[in-house]
Amino acid sequence: MEYAHLGRLGVRVSRLCLGTMNFGPQTSEEDSFAIMDRAIEHGINFFDTANVYGWRTGEGVTEQIVGRWFAQGDGRREKVVLATKVYGEMGDWPNEGRLSALHIRRACDESLRRLQTDHIDLYQMHHVDRETPWEEIWQAMEVLVQQGKVLYVGSSNFAGWHIVRANEIARGRNFLGLASEQSFYNLLDRTVELEVLPACEAYGMGVVPWSPLARGVLAGALQRPDRGRRSSEEARRTVERHRSELEAYEKLCADLGEQPANVALAWLLANPVVTAPIVGPRTMEQLDGSLRALEIRLDRKVLRRLDELFPGPGGQAPEAYAW
């Protein structure tokens, strides 16, 4: 396993992050436990979850599964850099969602209880809250850090402006600010290259792409359209919209002798701003297969070809990314 610093920070995380969103809704608890054990065997030490995962309001189903896995002991919790999220609605009463200081405090305590741990390594704001001032948000996060309940604070789905605003106000409070940003980023959707990635690079933040396979579309959707997330109506519409590019992409992958999913991950890993793409396996086979991406080195010719097939929002990728 390869490891990298989470942006400017001293903490080191695996170059692949284990996403747990499928644990509960798609993957049984027994299989989820086996996948997490296998991840540790592979050297994956970066796990990502959220209080809303499991999609039963207020229950935190996935956090509970991860917590019961930790409770088995044998150093499981100590081996993991644990990331979870706050923002989503956890009930139908006022202040059971978003980023008020009241909700942040309660949500953190509830996540700690479900996860059966005394601290969260990376506490991420799942979305920006335009109705809550940053002074209130940072005060709440500072208290959690002082109490030892949270080590680092991250963002998710933020625009470049939100990242700048959050970090500048944190700086004025002599607080560390954002450690990382979790963004929707893959070959099919490169919008974050315009402002989000430059902002993260400027502030020394880690970048953790979610949905690196574009909801399964980049995992060989033309070969096996009826499997997993690629069988959804949304994925099918995406395939039809990009069929010609995907045909050329899957041919390129075949010429390379690699699985499309692993090429998509390798493309992200080739970007020096990216810390660790999130892989969200439903099965052990998917987890084991994703490790191949760490061994693939895409040369400039292949990177240029991928750039031609899936151009970024500003045209060809920035030269600073060695693309």
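We find that Arg237 and Glu240 are not joined by a salt bridge, their nearest charged nitrogen and carboxylate oxygen being 4.0 Å or further apart. Using a 4.0 Å cut-off between a side-chain N of Lys or Arg and a carboxylate O of Asp or Glu, Arg305 and Asp255 do not qualify as a salt bridge. Using a cut-off of 4.0 Å between Lys/Arg side-chain N and Asp/Glu carboxylate O, Asp288 and Arg38 are scored as salt-bridged.
Both Leu213 and Leu269 belong to a single network of hydrophobic side chains, linked directly or stepwise wherever heavy atoms of I, L, V, M, F, W or Y lie under 4.5 Å apart.
By the neighbour-count criterion of 12 heavy atoms within 6.0 Å, atom CD of Glu195 is sparsely surrounded, having that number or fewer from other residues, nucleotides or ligands. Taking a 6.0 Å sphere around CZ of Arg106, one finds it holds 12 or fewer heavy atoms contributed by other residues, nucleotides or ligands. Heavy-atom contacts from other residues, nucleotides or ligands closer than 6.0 Å to CZ of Arg105 number 12 or fewer.
The only option from Glu63, Lys85, Gln64 that meets the side-chain hydrogen bond (donor to acceptor under 3.5 Å, both in side chains) definition with Tyr53 turns out to be Lys85. Of the candidates His127, Arg98, His126, Tyr87 forms a side-chain hydrogen bond (donor to acceptor under 3.5 Å, both in side chains) with just one, namely Arg98.
Shortest non-hydrogen contact noted between Thr275 and Val13 is CG2-CG2, 3.7 Å. For Ser14 against Gly43, the heavy-atom pair with the smallest separation is CB-O, 3.9 Å. Residues Lys149 and Cys108 approach most closely at CB-SG, 4.2 Å, considering heavy atoms. Heavy atoms only, all atoms of each residue included: Thr84 and Asn51 are closest at OG1-N, 3.7 Å. In terms of heavy-atom proximity, Pro198 sits nearest to Glu193 at CD-O, 3.5 Å. Nearest heavy-atom pair across Ala166 and Trp138 is O-NE1, 2.9 Å.
Between Phe158 and His162, the angle of the ring planes goes over 60°, which puts this pair in the perpendicular group of the 30/60° scheme. Relative orientation of the Phe184 and Trp210 rings is tilted, given thresholds of 30° and 60° on the angle between their planes.
Of the possible donor and acceptor atoms, none in the side chain of Glu168 sits under 3.5 Å from a partner among the backbone N and O of Arg165. Ser28 contributes no side-chain N or O that, together with a main-chain N or O of Gly24, makes up a donor-acceptor pair within less than 3.5 Å. At distances below 3.5 Å, not a single donor-acceptor pair connects side-chain atoms of Glu258 with backbone N or O atoms of Ala293.
Ring centroid separation for the pair Phe47 and Trp69 comes in under the 6.0 Å cut-off.
Looking at Asp48 and Gln182, their side chains do bring a donor and an acceptor atom within 3.5 Å of each other. Judged purely by distance below 3.5 Å, without hydrogens or angles, the side chains of Arg77 and Thr117 pair a donor atom with an acceptor atom. Side-chain N/O atoms of Trp267 and Asn186 include no donor and acceptor closer than 3.5 Å.
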Going through the distances and angles, do Tyr152 and Gln124 end up as a side-chain hydrogen bond (donor to acceptor under 3.5 Å, both in side chains)? CA-CA 8 Å; Tyr152 307 106; Gln124 301 161 114; over 6 Å; no
Walk me through it: do Glu181 and Ser183 pass the test side-chain hydrogen bond (donor to acceptor under 3.5 Å, both in side chains)? CA-CA 6 Å; Glu181 158 63 16; Ser183 289; 2.7 Å; yes
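Figure legend: cation-pi geometry between Arg76 and Phe70 absent, as NZ or CZ is not positioned both under 6.0 Å from the six-membered ring centre and within 45° of its axis.
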